[in-house]
Amino acid sequence: MKQKILTVGCAILLTIMLIVLTGCGGAESKNYSEDIQNIRNQTVGLLNGKTFGAILDVALENAKWSEDDSYSLTSGAVKVEGKDKESGEDVEIIWLKEAQEAGSNFEKMTKGGEEIGYSAFLSYLQDYEDQVAE
């Protein structure tokens, strides 16, 4: 009887450990929409193959990804909001779902209440790019 209880207990413990180790907590386990995933998976050559999502997971604390289907008359938007890890400033980044210019759907970035353009956005990502695990 003790052997059966020990065996069942070990099986339950191993199952719990498997669930905790493989299925909890990481950004990859979140159920993002297809539009959010498309933005999170974007990268540019300056980022050495690292994605916007992976870098922003490091750069922003309490990051919240969302969609706004009524952002403009011509396009919905994907937004990420959080606090910059180093400065503590509020950050909001918006991408259009339907790109207005060929190859770029970046709309704007606001950091600490100041609007930042695309070049500064890429520089911001580069500041954190080396902190992303390979």
Side-chain angles (χ1 to χ4, degrees):
M1 185 65 177
K2 287 183 181 182
Q3 184 66 23
K4 284 185 180 184
I5 293 173
L6 184 59
T7 302
V8 171
C10 285
I12 290 172
L13 180 63
L14 289 173
T15 302
I16 291 171
M17 288 176 56
L18 180 64
I19 291 169
V20 169
L21 292 174
T22 62
C24 295
E28 291 75 29
S29 69
K30 294 184 179 178
N31 292 322
Y32 292 122
S33 72
E34 183 177 342
D35 288 323
I36 291 175
Q37 281 292 349
N38 288 339
I39 298 299
R40 286 183 56 81
N41 292 331
Q42 286 184 14
T43 189
V44 294
L46 296 171
L47 303 177
N48 298 312
K50 297 187 176 128
T51 65
F52 292 171
I55 296 171
L56 291 170
D57 286 345
V58 170
L60 299 177
E61 294 177 349
N62 303 317
K64 179 183 175 215
W65 290 81
S66 63
E67 294 180 73
D68 181 354
D69 289 329
S70 59
Y71 179 75
S72 75
L73 292 174
T74 59
S75 177
V78 170
K79 297 180 183 183
V80 63
E81 300 171 277
K83 292 210 177 281
D84 180 65
K85 176 182 167 184
E86 292 181 3
S87 70
E89 294 177 302
D90 289 331
V91 172
E92 178 185 58
I93 307 166
I94 300 174
W95 295 267
L96 297 176
K97 289 184 179 184
E98 301 294 325
Q100 302 299 313
E101 299 175 19
S104 175
N105 55 345
F106 174 83
E107 174 74 348
K108 69 178 182 176
M109 176 179 175
T110 307
K111 182 180 177 198
E114 180 181 335
E115 192 167 318
I116 296 171
Y118 188 65
S119 295
F121 164 67
L122 292 179
S123 293
Y124 177 78
L125 294 177
Q126 282 183 301
D127 289 344
Y128 288 99
E129 173 251 331
D130 62 334
Q131 297 177 35
V132 175
E134 302 257 347

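- Listed by chain and number, the residues in a salt bridge (Lys or Arg N to Asp or Glu O under 4.0 Å) with Lys83 are Asp90 (sequence neighbours excluded).
- Residue Ile93 holds its CD1 atom at 6.0 Å from CG of Leu60, rounded to the nearest 0.5 Å.
- In terms of heavy-atom proximity, Val78 sits nearest to Trp65 at CG1-CE3, 4.1 Å.
- Contact annotation: the side chain of Glu107 never approaches that of Ser72 to less than 4.5 Å [non-hydrogen atoms, C-beta and beyond].
- With sequence neighbours left out, the ring-ring contact (aromatic ring centres under 6.0 Å, His included) criterion links Tyr128 to Tyr124.
- To the nearest 0.5 Å, atom CG of residue Leu56 and atom NZ of residue Lys50 are 13.5 Å apart.
- Put simply, the side chain of Gln126 reaches to within 4.5 Å of the side chain of Leu46, judged on heavy atoms.
- Environment of CG in Asp130: crowded, with over 12 heavy atoms of neighbouring residues, nucleotides or ligands closer than 6.0 Å.
- In terms of the side-chain contact (heavy atoms from CB on, under 4.5 Å) criterion, residue partners of Asp68 (sequence neighbours excluded) are, by chain and number, Ser70, Tyr71, Lys79.
- You'll find the side chain of Arg40 reaches within 4.5 Å of the side chain of Asp57, heavy atoms only.
- Under the rule for a side-chain hydrogen bond (donor to acceptor under 3.5 Å, both in side chains), the partners of Asn48 that lie at least two apart in sequence or sit in another chain are Glu129.
- Below 30°, between 30° and 60°, or above 60°: for Trp95 and Phe121 the angle between ring planes is above 60°, a perpendicular geometry.
- Evaluation of the side-chain hydrogen bond (donor to acceptor under 3.5 Å, both in side chains) rule for Lys97 yields Asp35, Glu67, Asp69 as partners, not counting sequence neighbours.
- Shortest non-hydrogen contact noted between Ala54 and Thr51 is N-OG1, 3.1 Å.
- With rounding to the nearest 0.5 angstrom, the CG atom of Leu125 is 5.0 Å from the CD1 atom of Ile55.
- The side-chain hydrogen bond (donor to acceptor under 3.5 Å, both in side chains) search around Gln131 returns Lys85, not counting sequence neighbours.
- Looking at Phe106 and Leu122, their side chains never come closer than 4.5 Å, going by heavy atoms from C-beta outward.
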Next on the checklist: Run Ile39 and Asn105 through side-chain contact (heavy atoms from CB on, under 4.5 Å) and show every step you take.
Outcome noted: CA-CA 9 Å; Ile39 298 299; Asn105 55 345; 3.1 Å; yes
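- A distance of 7.0 Å separates CD in Glu86 from CG in Asp127, rounded to the nearest 0.5 Å.
- Of all non-hydrogen atoms in Thr43 and Gly49, the two that sit nearest each other are OG1-C, 3.7 Å.
- How far CE of Met109 is from CD of Glu114: 10.0 Å, rounded to the nearest 0.5 Å.
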